[in-house]
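Below is the structure I would like to discuss, written out as structure tokens.
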Amino acid sequence: MSEAINKSRASKFKQQKLPARQPILKPRSVIPTMLVLGIFFIVMGVIFVLSVDSVIEVSKRYDDKCEIGSNCTITFEPPSDMESPVYFYYELTNFYQNHRRYVKSRDDTQLGGEILSYEDAEELCDPIISLDGEEKDSMVYQPCGLIVWSQFNDTLTVKNGDEVLDFNENGIAWESDIESKFQNPDPKPDPDSPTTLQSDFTEEHFVIWMRVAALPTFRKLYAVLENGKLEQGKQYSVNIENNYPVSSFDGQKSLIFTTTTWVGGKNTFLGYAYISLGSILFLIGLGFLLKHLIKPRELGKEKYLKWE
Amino acid sequence: MSKPTEKEQLYSRQLYLWDQSGQNKIESSHVCLLNANSVGTEILKNLVLPGLAQYTLIDGKKVTTRDTGNNFYVKKSDIGESRAKVTSNYLQIHNKFVKGNFLEKEPAELIEENIEYFEQFDMIIASRLPEVAVLKLSKKCWEKDIPLIVVRTNGLIGYLRIMKKEHCVIDRKEEEVHEDLRMNAPFEELIEHCNSIKMEELDDDLYGHVPYLVILVKLMEQWKKDHEGKPPKTREEKKKFKDIIYNMRRSDEANFSEAYLNAWKAWNSYMIPDNIDEIFDDKNIKVTKESSPFWLVGAALKDFVANEGKGRLPVVGTIPDMTADTKSFITLQKIYQKRAEKDAICIHEKVKKMLEKFDRNPEEVPLKYVKFYCKNMMQVWFTRYPSIEQEYDPETSKIKSLESEFANESNNHIFYLVFRAVEAFNKEHGYYPGESNEKVESDYLLLKKEAVKICELYKLNPEIMTDKYLKGFCRFGHSELHNVSAFMGGITAQEVIKIITEQRQPMSNTFIYNGSKLEEEERFFEFPLTDFEDKNSPYPSNSIISSHYTVFNFIPKTLFEQFRRLANFYFLIVIILEYFPFSPLTPTVSVVPLVFVLSVTAIREAYEDFLRHRSDKEINNRLSEVLREGEWQKVFWKNIRVGDIIRIYGKEFFPSDIALLSTTEPKGMCYIDTCNLDGETNLKVRQALPKTNGLNSKEKLLNLNSSIACELPNNNINNFDGTLNLTKDEQLSLTKTQLLLKGCALKNTKSIIGVVVFTGKDTKLIRNSKDAPSKRSSVEIQLNSRLITIFLFLATIGIVGGVMSGVWQNKWENKSWYLGGKYQSGVTSSPVYTGFTGFFSFIIVTNVMIPISLYVTLEIVKLIQSFFINWDKKMYHEQTDTPAKARTSNLTEEIGIIDYIFSDKTGTLTCNIMEFMKCSVGGISYGQGITEVAIAAAKRNGIELKDTRKEGPAFQDRNFLQNLKSHETSQYIHEFLIMMGICHTVLPEADEEDPDNLDKLVYQAASPDEGALANAARMLGYKFCDRTPDTVSISIDNKKFTYELLNILEFNSTRKRMSIIVRDPEGQIILYCKGADNVIYERLNPKIQQQDNKIPDLTLNHLGEFASEGLRTLCFASRVIEEDQYLEWNKKFKKANTEIKDRKNKVMAVCEEIEIDLNLIGCSAIEDKLQDGVPDAIELLARAGIKIWVLTGDKQETAINIGFACSLLTNQMDLLVIEGNDEKEVYQSLNSLNNKAKSNAKNGIQNALVITGRCLTSALLGKNKLLFLEFGKRCVSVICCRVSPLQKSQVVDLVRENVKNSKCLAIGDGANDVSMIQAAHVGVGISGQEGLQAVMSSDYAIAQFKYLTRLLLVHGRWCYKRATLVILYSFYKNVAFSFMQILFGYFSGWSAQTLFPAIFMSIYNVFFTSLPILVIGVLDQDVSAKSELKHPQLYSGDNRNNEFSFKRFWVWIIEGVYHACVMFFIPRLFCKNDMFLGDGKDSGFWIFSILIYSCVVFVVNLKCAIETTFWTWMHHFTIWGSIAVWFIIVLIFSNSFFFSSDLYQVGNILFKLPFFWLTILFVITLCLLPDLLIKFYQRNYSPKDFQIIQEQERIEKKIPNRFEIEKKRSEKLLTKKIEQDRLLESSSENLLQVKQPQEEDNLINQKNWDSIPYKTSLTDSSKYLGYAFNPDNGGSLRILDSKKVASDFKEESVFFNVQNFKKFASLNREINLNTDTTESSEIDEI
């Protein structure tokens, strides 16, 4: 009997004797790690700063220079040569694409090419459901929902003098989106019908707009200059068909021309954050090192026990 | 003597009660009765019969049919006649001496019209008189001082109120009155008389008849002369005085015994009795012109005491009976009478003077009255009643003070208020509530109003007036019931007579009778049954239902139970909220986890209940043979009914409680096994009554016409009182000897027949099984308060979110056209509405902050912890095959923070294996052994003692058997051995193979002491061999002597003794009695004691010695009883045994009568051995900072010695013993000792407290309680001896409730520890000798006390740390996760958009973060078990209560908030321009979301990683696994539309980016860096104790001391080897021998193992490997390859120096000892 019990309990787990490592934060391992990690962070930070430094970004606000409904032209001068690819973005501020009502007001199946019944639309696209709020399947907006309805509709053309630059407006959206997420329904929606909000579901500006932004200030890619470059000192102009109203909610519209590196656009924060954290690590590491050298504590000595 | 008159004959009986003076008063009084209703006439009847002078009956009503139903004094033919007239006429018939008047008028009207009419009566009784009239009448009566009694009845309730200003009683007719004989201050006449008697000159006869009073007075005079006029004061002096009396005896005179006994009266100080004191202090003692004789005499008496009496009351004048010759008695009596007369006259003079002063007739108070007063002085008494106005007036009324009584349902006080309400109702409406049947309901409402008014009037809580009472009263409808009237009539008449006769004490104020509270007091049924299907049976069915649910109620009932848990309910609310349209999350997100949690619990419940159902069904469908319809039929247990005649066969269980009728064994015996019931494994005997034992055939049974009356079902398994009426005339008593209880099994018996007495839930088994009180650990309680904090935090977030969303909407909603506000269906929401829904939305979004998984995780963790306890090999007791058992998983963390241990002694600290060790017989002490306690005691005094006993029995003394053969005390020894052999209740169980061998009999003893005695007697040649109900046999020198067993007077804790009465083989009746010393000594024959018998004194000395050695003592005494004396006593004994009610006490009283005049034979001393390892364990626990209180039923000396033996007490401690007899003395003792303890503490001396049960009773009272506690807290150890089970729990409660945050653990093994175990926070039961009750009620069961150290220090500490970590971490991870929602709220227009996809919100706690913490909660060990036991200080040091403090809780919460901020803002800043994807494409919301979520998964899991210090493969697997699972799940989502199109491709794109990894790295570093730095700094610059220990462990590990390993490994083998060799050891050669190892030892290359002589191995040990063995001291050594060793371990090679051989050998032994606790498998992991 007892033998059996002993056997049944013999497992190391049951006796809480699983082999284990018990790492201890000892100065000998912690201080060097901190110093090394600090240096690594500083180095990384410097690399970031340098990479970001090579990015050239031009930003021009235009909503304050244009009347809504009119055409106007904004000019800009690159501070230095901008090698292709040069990305052309529009930026909106104070625009809450991430508002709960906004985010959910869309129907992905409809965007994927299916014809939507009124009931489904009502559930998903509120409040932009059907024309004049009629509860008929045929009157459902194509596609429905707030995001579609509030699509950005300024037209931007970049020119060098009178020459229209070769900014490509295709291939700017996620490939996966165009390939699988967005499909035109069959038949394609009639562009003239008042229920049609977007006649081509795979139109890339539209697809980009549909990918909602995370924060109230956001950029969306408008076009890419794949060949050639924007030269320093040259005056470039952007022709704007200014349709999109933003003043009511204190929003701003800007044009952005930028190049990128492996870490993205002109974001210096990343590099400086790394450098500062690295420095802090290094300094504290040094402090600990000093303290350890001057007044080290012996490990595991009985005299430190409170009851000794 | 003249012939008694007719009157005297008529009243002769009552004259005994109130004598002629009382009768005269009755015969001269005129009583008036208002209303001749049922109760009124009953009262009057009871007054007419004893002979009232005259009565006047006032009633204006006519007789109705209603009257004929409840009034005996009207007949149907009288209907319509005047009620007054009719009843008066009938009443008249009872007694012709009484003059009856009647007046046909409504009393109320009469009161209104002519109140003066009532002045003529001596007393007025108002029966059911309306309140208004009562008030008016009472005013008049008060004025004229006429006693008025008001009686009301309504249905089953009666009310009685006496109204009288003041009632003085001189003749209270009390039975026991202590009279002052003035012995302590004799008056002159007495002294004179005493002096006149010259004792020395008297002849022997007269000398023996001098009244003790005289003796005492004379002696006291003499004493005072010798002691400066002072009486004896100190104990010694008193003893001296008594000794003088004792020595004055010429032979054994009775008067001297009386003097001896009453000696105290001579020095007792004088006190004025309380009743007189009260009179002296009363305001009326200041006499005035109107004062009554009572007060006049009272005042005179006071004056007398102040002057003539010199502080004393007058002499009473009677003396009690005493041993004296008639002449001297009468002389003495006369002296007292004379003196009394003198005093009385003196007082009378004073009274006269007073009367003259007031111009009253000086003879108004006759001398006779004064004398009577003085004679009855000790009884005079008075009472005052408040007037009814005073009572009704809320200003003066004391009704408010009774509020709690009114509210107490078990009291009847409430009916007073109901009666008041009913009268108020009558006043208001003119009729009584419910008088007409149709209006009962409406009247109830009106009555309720009145009741509330009454309550308001007296400021009472109107809720006390429950509908139950009011409705009841309405239903009674003011009816009279005759039996209630009769009862109330009797009571009232009795009070009237008390008042008229002025004798005895009338009740004060109001009396309420409740006739509805009648309870069944006895169970009565007939058998055999005739109707087997009686549906209306009053008894419960015999089916057992232990299940909680049925198929139908399971779902609602479990749901109800589950939602009673706060957290579950919270989630239910959240889910309901999620169904609202404003909810940002769909309900499924929360439903899934809740359903999971609920179904896990529900499935567990269902399974457990299924098992219960199954076992219920199995039990209920068992079959037993029952006599039905004239045949033995197999009947399901569930169908067995009370009164069934049942037959049970051997080894079967009893289906219900059965009264035994007959058995197949001789003399109606049968044996039962009660293991299931009380855990005792010894068989017990039950015996049928001889009269019923013949009832063994169907025919006989069927012809019975019998019944049983027995007690009601109760839970006392050791008692049963019943009467079996076999025929109408033959009554037999049933006791527990005839009761077979459900749950027990029949053993060693073929079959029995019995009658079912209790079934189903009435059985004692079920009555005894109660659920243990459910205990919750303090962590769990704290957890609830933390949850509330979190909830408040959550609510704050909700409020902030709500307010902000309102504000945002107000400002931006209309401007932000793209949100389509104006197109929204329904009403455009207002900001307030948005704020309102925003609040709930944010609550929903952050609801995970209250972790639903916490409960599940915690329960799993705790369950596994309790498994660990069950599995622990080191808490497994091999000898008894008992592992430790955690009977609950609730308290695992509680055992990590224990402050106090309350331990039982016997069976807990000691083994409870009793061995007869010593004895004292005939004044000579025998037995040589020395107990461990004695050794420890000697050690204290610096003496080393050794037990000189040889192997063998514990009792060894050659002299004993020699003296038995030839010594003057040999007869004593013989008797002593006979007693050991027969005076017990032991059952012999024959060995199956060798049934005739007496030495192989197994003695089944209920108490281990008895078994030890019987075994010892057998060893000494007095072999107990057989027991039948009527005989016990004992074999001495192979000759069998049979004693006829006449009676067994059983042991119980009150009696503290057991006796048997036997007729010895010579025919003499002898009583043998054994018991506790004090009990036996009280009952010793005083005559023998007074002779030159030194045995009692010598034995008393020996008793003291034995006790000081820690032995348990029993005194043995015997007595020869005369035949006729026995027969007379036996009759009483039998009668007492057939009583149904209070049998126990009656039997005890009868036993008391025979257990007197005993002769002391000697005493036995039994050793109770200390358990293994107890001293070490106690020392460890003490070092762990736990205070240990020992609570034992043993004697003080025994307890103190055990205390020393188990190192609870040490010589350095100051032993403080509390003494005192009452509350006051104990207080003083406590106070002074406490101060001493304080000063001791200052001087660094430890204190130990010792208190006995008697003092403890006082110490737990009033202000002593806290003082005692304070004192106890100041002491290192506390020992309470002689305590009862109740006191044990009281002490536990005292500490538990008064010491803040203290955690108490109680440990014990016996039924007497159950209360303590249940009272403590944690109860530990030791599965020991005394059955399983303690274990059954405990939370943890262990086999030995020593395992407690491991349970607390190892498991407890770990569990506490683990559980708190699990809880804190769970809070943290959920705070970190949900707090980001509110941060994101700022950036998303406060719209409560979730930052993460909904599905990820619900699986956060399931997939990504649950397992690591679970593993840590199960496995984490900060230091190893070994270190915990080595440094018990760790237990209290960092551990206690800090782990889960509010501070620590907030640190974790704030860390969660910090992490949330870092994890949100860093990605936000990094992703600022949405273009980090590298190819210029924008990232969007979902990339951002997954990026942050990835940070969370990393940070939260790595936080887990830095919290654990104990990395096993499981940690790695779960921590890295959880992170991996995150990536896998995201990738699945990214590659399929199935779950969400939002996440399509997100993972594929994101995880490839260097930017992603850089962000993660940065966030992790920034989050965990502060944490790590603080941890590092703290560890290095203010290290905690456990961290130092960790480092030590580390250092030990780091230097892999292979030599140590080898040494240990070899030791392990060696220990085995030594054992083997010990067995082989035969030569006493004192040489070292090298022995060949066995095969299993082939660890290292072996060389030549031929036997090598000692010398060779000495000189050339380098060549050899192997063992050396030293038979001298048992040490041994394995010699390793010394060259190799020497090169590897230079220092250690010293061991191989031969000179050190011996040293190492002894060292080796020590190590062996050590490894006992730490065990050898430790080696494996090094």
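Every chain is numbered from 1, with letters handed out A, B, ... down the list of sequences. As the structure is a prediction and not an experimental result, all values here were calculated from the model.
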Measuring heavy-atom distances to chain B, does A:Tyr87 have an atom under 4.5 Å in its side chain, in its backbone, in both, or in neither?
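Side chain only.
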Examine whether an atom of A:Ile284 lies under 4.5 Å from a heavy atom of chain B, and if so say whether it belongs to the side chain, the backbone or both; otherwise answer neither.
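A:Ile284 touches chain B through side-chain heavy atoms alone.
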Part of A:Phe41 within contact of chain B (heavy atom distance under 4.5 Å):
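Answer is side chain: those atoms of A:Phe41 sit under 4.5 Å from chain B.
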Heavy-atom distance under 4.5 Å to chain B: side chain of A:Arg219, backbone, both or neither?
both
Under the rule for ring-ring contact (aromatic ring centres under 6.0 Å, His included), what residues qualify as partners of A:Phe269, not counting sequence neighbours?
B:Phe1470
Tell me, side chain or backbone of B:Ser1424 under 4.5 Å from chain A's heavy atoms, or both, or neither?
neither
Please rank A:Trp262, A:Phe48, A:Trp149, A:Phe218 by heavy-atom pairs under 4.5 Å with chain B and give me the top one.
A:Trp149
Sort out for me which of A:His292, A:Gln97, A:His99, A:Arg211 touches chain B most, counting heavy-atom pairs under 4.5 Å.
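That would be A:His99.
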Output the option from B:Asp1482, B:Thr1508, B:Leu1566 having the highest count of non-hydrogen pairs under 4.5 Å with chain A.
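Of B:Asp1482, B:Thr1508, B:Leu1566, B:Asp1482 has the most heavy-atom pairs under 4.5 Å with chain A.
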With a 4.5 angstrom heavy-atom cut-off, which part of B:Trp812 approaches chain A: side chain, backbone, both or neither?
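Contact with chain A: side chain only.
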Ignoring hydrogens and angles, tell me if any N or O in the side chain of B:Trp871 forms a donor-acceptor pair with the backbone of A:Gln16 under 3.5 Å.
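A pair under 3.5 Å: no.
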Check whether A:Ala273 gets within reach of chain B through its side chain, its backbone, both or neither, counting any heavy atom under 4.5 Å.
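Contact with chain B is through both the backbone and side chain of A:Ala273.
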At a heavy-atom separation under 4.5 Å, does B:Phe1485 approach chain A through its side chain, its backbone, both, or neither?
both
Is atom OH of B:Tyr1386 surrounded by more than 12 heavy atoms (other residues, nucleotides or ligands) closer than 6.0 Å?
no
May I ask you to check whether A:Phe257 and A:Phe167 place their ring centres under 6.0 Å from each other?
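Centroid distance A:Phe167-A:Phe257: below 6.0 Å, so yes.
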A:Glu175, part contacting chain B, at a heavy-atom distance under 4.5 Å:
both
B:Leu1419 versus chain A, the contacting section by heavy-atom distance below 4.5 Å
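Only the side chain of B:Leu1419 comes within 4.5 Å of chain A.
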Proximity breakdown for B:Leu1558 and chain A, heavy-atom pairs closer than 4.5 Å:
both
Given a strict heavy-atom distance threshold of 4.5 Å, which part of B:Lys811 is in contact with chain A: side chain, backbone, both, or neither?
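Neither the backbone nor the side chain of B:Lys811 comes within 4.5 Å of chain A.
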Would you call A:Glu204 and A:Lys220 a salt bridge, taking side-chain N to carboxylate O under 4.0 Å as the test?
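Result for this pair is no, no salt bridge flagged.
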Test A:His205 against A:Phe152 for ring pair (Phe, Tyr, Trp, His ring centres under 6.0 Å), laying out the working first.
CA-CA 8 Å; A:His205 290 299; A:Phe152 182 77; 8.6 Å; no
Using heavy-atom distances under 4.5 Å, tell me whether B:Leu1469 contacts chain A through its side chain, its backbone, both, or neither.
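Contact with chain A: backbone and side chain both.
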Counting only heavy atoms from other residues, nucleotides and ligands, does the tally under 6.0 Å from NZ of B:Lys1430 exceed 12?
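No, not enclosed.
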Quick check on A:Ile128 against chain B: is it the side chain, the backbone, both or neither that has a heavy atom closer than 4.5 Å?
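For A:Ile128, the side chain is the part near chain B, not the backbone.
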Side chain from CB out, backbone as N, CA, C, O: work out which of these in B:Phe1556 comes under 4.5 Å of a heavy atom of chain A, or both, or neither.
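Looking at B:Phe1556, nothing touches chain A.
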Looking only at heavy atoms and a cut-off of under 4.5 Å, which of A:Pro23, A:Gly264, A:Ala214 has the most pairs with chain B?
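Ranked by heavy-atom pairs under 4.5 Å with chain B, first place is A:Ala214.
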Tell me whether the NZ or CZ atom of A:Lys181 lies within the 45° cone about the ring axis of B:Tyr1544 and under 6.0 Å from its centre.
no
Give, as side chain, backbone, both or neither, the part of A:Phe288 having an atom under 4.5 angstrom from any heavy atom of chain B.
both
At a 4.5 Å cut-off on heavy atoms, which part of B:His1516 comes close to chain A: side chain, backbone, both, or neither?
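B:His1516 has no heavy atom closer than 4.5 Å to chain A.
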Parallel, tilted or perpendicular: which describes the rings of B:Tyr1577 and B:Tyr1581, with under 30° parallel and over 60° perpendicular?
tilted
Examine whether an atom of A:Val103 lies under 4.5 Å from a heavy atom of chain B, and if so say whether it belongs to the side chain, the backbone or both; otherwise answer neither.
side chain
Under 4.5 Å from any heavy atom of chain A, what part of B:Pro584 do you find: side chain, backbone, both or neither?
both
Select one option (side chain, backbone, both, neither) describing which atoms of A:Ser180 are under 4.5 Å from chain B's heavy atoms.
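Both backbone and side chain.
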Parallel, tilted or perpendicular for B:His1355 and B:Trp1358, by the 30°/60° rule?
perpendicular
Out of A:Asp177, A:Leu221, A:Thr259, A:Leu37, which one racks up the most heavy-atom pairs below 4.5 Å with chain B?
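Most heavy-atom pairs under 4.5 Å with chain B: A:Leu221.
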Can you label the angle between the A:Phe249 ring and the A:Phe95 ring as parallel, tilted or perpendicular, going by 30° and 60°?
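Ring orientation of A:Phe249 relative to A:Phe95: perpendicular.
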Just give me the residue among A:Ile147, A:Val224, A:Leu281 that pairs up with chain B most often, heavy atom to heavy atom, under 4.5 Å.
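Of the candidates given, the most pairs with chain B belong to A:Leu281.
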Side chain, backbone, both or neither: which part of A:Lys291 has a heavy atom under 4.5 Å from chain B?
both
Most contacts with chain B, counted as non-hydrogen pairs under 4.5 angstrom, among A:Asp108, A:Thr260, A:Asn267:
A:Asn267
Below 4.5 Å from any heavy atom of chain A, which atoms of B:Phe1384 appear? Answer side chain, backbone, both or neither.
side chain
Tell me, side chain or backbone of A:Tyr89 under 4.5 Å from chain B's heavy atoms, or both, or neither?
side chain
Using heavy-atom distances under 4.5 Å, tell me whether A:Tyr244 contacts chain B through its side chain, its backbone, both, or neither.
side chain
Under the disulfide bond (SG atoms under 2.5 Å apart) test, residues paired with A:Cys144 that sit two or more places apart:
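With neighbours one apart ignored, the set is A:Cys125.
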Region of A:Asp250 that comes under 4.5 Å of a non-hydrogen atom in chain B
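Looking at A:Asp250, backbone and side chain both touch chain B.
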Donor-acceptor pair, distance only, cut-off 3.5 Å: does the side chain of B:Asp1422 make one with the backbone of B:Thr1509?
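No.
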Contact origin within B:Leu1553 toward chain A - heavy atom pairs under 4.5 Å
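For B:Leu1553, no heavy atom lies under 4.5 Å from chain A.
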